[in-house]
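Naming: A, B, ... by sequence-line order, numbering from 1 per chain.
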Amino acid sequence: MGSKASDLARWWQFAPSGQAVVDGQGIILLANYTLCDWLSCSTHQLINQSASDLFTVESRMLYLGVLAYRLSDVGVVDEVHLHLRLKNDDTLPVLCSARRLGVEDASLTLISMLPIGRKDRLERELLEARQAIQRALEEKNAVINELEVMSATLESHNSELQRLTMQLGHEAGSDSLTGLPNRRHFDRVLQERLAITTGSRSSDVFSVAILDIDHFKPINDDHGHGVGDQVLQQLAKLLASQLRGRDIAARIGGEEFALLMPETSLDDAFNALERLRLAIEKHRWQPVPITASLGVTGYLPGDTSESMMTRADVALYAAKHHGRNHVAKG
Amino acid sequence: MSSLRHLLNVNELGLGTTPILLIHGFGCDQTVWRRLVPVLETDYRLFLVDLAGFGCAAPEAYDKERHSTPSGHAEDIVALCDELGLENAIVIGHSIGGTIAMLASIQRPQAFQRLVMICSSARYLDDPPDYHGGYTHEQLDGLLQLMELNYLDWAGTVSKVALGDAGTPVHQQNLQQRFLAISPDVMRPLARSIFHGDTRHHLTHVTVPSLIVQTAQDAMVPLEAAQFLQAHLASSELVVLDAGGHYPQLTAPDLLAEALQESIQAQGD
């Protein structure tokens with residue numbers, strides 16, 4: 001019975017795992033044949049060696065930092081993935097588990113090494129795949145960052161474009177000679193004013209006037225278009241300076257201007273335009289003095305822009321007929 | 001802002017007056033000193049610290065950027081010295097903890113009377129023909145890959161404190177947060193910075209007298225690396241312990257304490 005047990009114990013030498021007993025300083029005291037066989041050396045050659053020397057340089061730090069450290073710490077280590085250093089620079093991946101032996105001499109430990117060639121290959125492939133994914137992710141993030149920068153640039157270009165478009169729109173709505181709004185712009189503002197007044201059903205009053213320079217054609221004929229243009233520009237400036245806050249003046253034809261006067265009754269508008277007529281008369285024009293005739297009308301329920309402009313035009317005609325340099329109501 | 005004493009889980013013990021600050025290495029925590037503590041605590045006042053990201057250091061102490069380098073950890077140690085008002089102290093660092101202690105001593109020479117570096121290296125990578133760090137580029141890359149395959153074990157090394165299996169009292173910490181703190185994201189950048197790092201140019205700035213302790217068979221740091229430290233640190237001595245492995249504080253605490261005492265007494269004479 002006893003011999004049988006020792007026979008069986010002999011098989012420890014041929015266990016399918018490498019086995020070594022190591023002392024507290026990491027020196028090998030005993031190794032089984034399996035381990036010696038892997039390392040192509042005799043038991044005697046292994047004994048008194050440092051156990052850390054069995055491993056590759058890469059593995060030594062983990063042998064010491066994980067396996068030996070935890071052994072001396074808690075006496076138990078499981079599943080540390082290391083590489084044994086074989087003859088001819090070959091390596092053998094092993095999974096190491098270790099136990100502190102006995103209670104008497106706490107410094108003895110048994111290290112058991114299971115060969116894991118296939119597992120090692122698979123894990124490395126997994127790791128490399130994961131790292132490739134990580135790199136791809138980093139590249140993707142870099143591309144996303146680049147796109148974000150480009151999108152920000154595009155956005156700033158867009159807002160610049162929008163600003164330019166607005167400027168163009170403004171230029172399209174204004175008269176290039178005088179800088180005043182043109183007929184199109186005036187019509188739009190008048191339409192808006194009418195829509196607000198009609199929609200609100202309030203007793204909102206406002207007035208519209210048309211101004212025409214008296215005897216303008218001879219100025220152009222006698223002094224040339226340059227002087228005519230100068231006169232128009234000076235009148236535009238004068239109009240702008242005479243306007244109240246919400247009044248709008250526009251150049252709607254050659255020597256014809258229109259005025260929109262919000263919240264102004266026909267009588268108030270008439271008085272204001274009379275002052276304007278006088279201001280034009282008194283202005284020190286260079287080089288030719290001018291006067292102007294004006295026709296004004298107030299908003300009536302049911303008015304359209306056409307009906308208002310027609311009444312203003314009729315009033316202007318009446319003013320001209322009255323001898324010019326005159327304001328007439330319509 | 002909490003005090004660093006709390007954030008870095010500083011434990012103060014011992015009956016003596018001369019202070020000793022103990023700084024652990026990579027993948028460890030202050031429990032690595034537990035076999036040395038009983039030998040020193042009768043004569044000294046010991047301060048044990050957990051570096052940010054390790055052991056029972058508070059999760060909020062950890063800063064991803066700063067703590068990915070040894071010099072970032074050294075900043076913590078400098079601030080801790082100021083907070084504790086350390087003067088004439090002995091600072092003992094193990095492995096990268098020694099490098100951290102060395103960097104801190106340059107910032108606060110008045111705080112320390114002695115710098116002790118145990119199994120430390122100024123550079124792991126060989127720099128032929130004059131410097132032997134013990135590793136080639138390929139070997140260090142291989143090591144970092146192997147660490148990836150083993151990262152759970154590195155994590156396990158640190159997390160045992162959370163399970164209450166430690167020599168020092170465990171502070172009330174959220175277990176979940178502790179495990180988060182030791183994720184490979186903490187280990188990976190610091191490991192990269194340690195193993196690819198080079199602190200040789202700092203050595204000449206050290207003015208605190210130093211003691212370099214090396215084991216006779218440390219498979220992690222070659223004797224040449226320890227000799228390099230000794231040769232480039234002003235007023236330094238090298239003691240080679242008749243012990244194996246990279247952790248003499250665990251495997252040969254008495255030999256280590258003896259070397260310390262001798263060096264301190266020799267300086268006192």
Side-chain angles (χ1 to χ4, degrees), chain A residues 22-28 48-83 85 89 91 93-98 106-107 109 116 119-131 134, chain B residues 25-29 31-32 34-35 95-96 119 124 126 134-136 138-158 160-161 163 165-167 188 191 194-195 215-222 241-253 255:
Chain A
V22 172
D23 76 5
Q25 303 302 318
I27 303 297
I28 298 169
N48 288 330
Q49 257 201 55
S50 255
S52 59
D53 285 344
L54 301 181
F55 299 96
T56 61
V57 173
E58 293 92 321
S59 292
R60 269 174 219 164
M61 198 162 309
L62 283 150
Y63 171 80
L64 290 165
V66 178
L67 194 140
Y69 171 56
R70 294 189 69 191
L71 260 183
S72 61
D73 201 14
V74 287
V76 179
V77 195
D78 284 312
E79 295 185 43
V80 184
H81 190 150
L82 301 173
H83 290 175
R85 192 165 52 116
D89 283 336
T91 62
V94 286
L95 207 58
C96 297
S97 294
S107 65
T109 52
I116 49 161
K119 179 171 141 65
D120 177 78
R121 206 165 51 243
L122 282 174
E123 282 190 2
R124 268 170 200 281
E125 279 168 14
L126 275 175
L127 182 63
E128 275 159 23
R130 209 183 67 202
Q131 287 168 342
Q134 184 66 30
Chain B
F26 183 76
C28 304
D29 58 45
T31 62
V32 79
R34 71 190 186 286
R35 286 183 195 157
S95 200
I96 196 64
C119 299
Y124 288 93
D126 290 337
Y135 299 85
T136 63
E138 293 70 36
Q139 285 168 335
L140 284 180
D141 287 344
L143 166 67
L144 291 170
Q145 285 294 74
L146 207 53
M147 274 185 68
E148 293 288 326
L149 292 173
N150 276 291
Y151 91 84
L152 279 176
D153 292 273
W154 283 101
T157 307
V158 196
K160 71 188 179 336
V161 187
L163 305 172
D165 178 19
R188 193 182 291 128
I194 291 171
F195 296 129
T215 59
Q217 299 101 21
D218 179 357
M220 207 181 282
V221 177
L241 299 182
D242 184 19
H246 186 64
Y247 295 85
Q249 68 271 55
L250 286 168
T251 55
L255 283 179

Discussion item. Quick check on Thr56(A) against chain B: is it the side chain, the backbone, both or neither that has a heavy atom closer than 4.5 Å?
Written reply: neither
Worksheet entry | Any side-chain heavy-atom pair of Arg124(A) and Leu146(B) under 4.5 Å | yes
Worksheet entry | Identified side-chain contact (heavy atoms from CB on, under 4.5 Å) counterpart of Glu148(B) within the set Glu128(A), Glu123(A), His81(A), Arg130(A) | Arg130(A)
Worksheet entry | Closest contact, heavy atoms only, Ala219(B) versus Arg60(A) | CB-CD, 3.6 Å
Worksheet item: Does Asp141(B) CG have over 12 foreign heavy atoms under 6.0 Å away?
Response: yes
Worksheet item: How long is the gap from CD on Gln217(B) to CD1 on Ile27(A), to the nearest 0.5 Å?
Response: 5.0 Å
Discussion item. Below 4.5 Å, heavy-atom pairs only: which of Leu140(B), Val32(B), Asp218(B) has the largest tally toward chain A?
Written reply: Val32(B)
Worksheet item: Where is the tightest heavy-atom contact between Glu58(A) and Gln139(B), given as atom of each residue plus distance?
Response: CG-O, 3.0 Å
Worksheet item: Do Val57(A) and Thr136(B) touch side chain to side chain, with heavy atoms closer than 4.5 Å?
Response: no
Fill in: Leu64(A) versus chain B, the contacting section by heavy-atom distance below 4.5 Å
both
Practice prompt. Find the distance between CE (Met61(A)) and CG (Leu144(B)) and round it off to the nearest 0.5 Å.
Written response: 9.0 Å
Worksheet item: Listed by chain and number, what are the salt bridge (charged side-chain N to carboxylate O under 4.0 Å, His left out) partners of Asp126(B), not counting sequence neighbours?
Response: none
Worksheet item: For residues Gln131(A) and Gln145(B), is any side-chain donor paired with an opposing acceptor at under 3.5 Å?
Response: yes
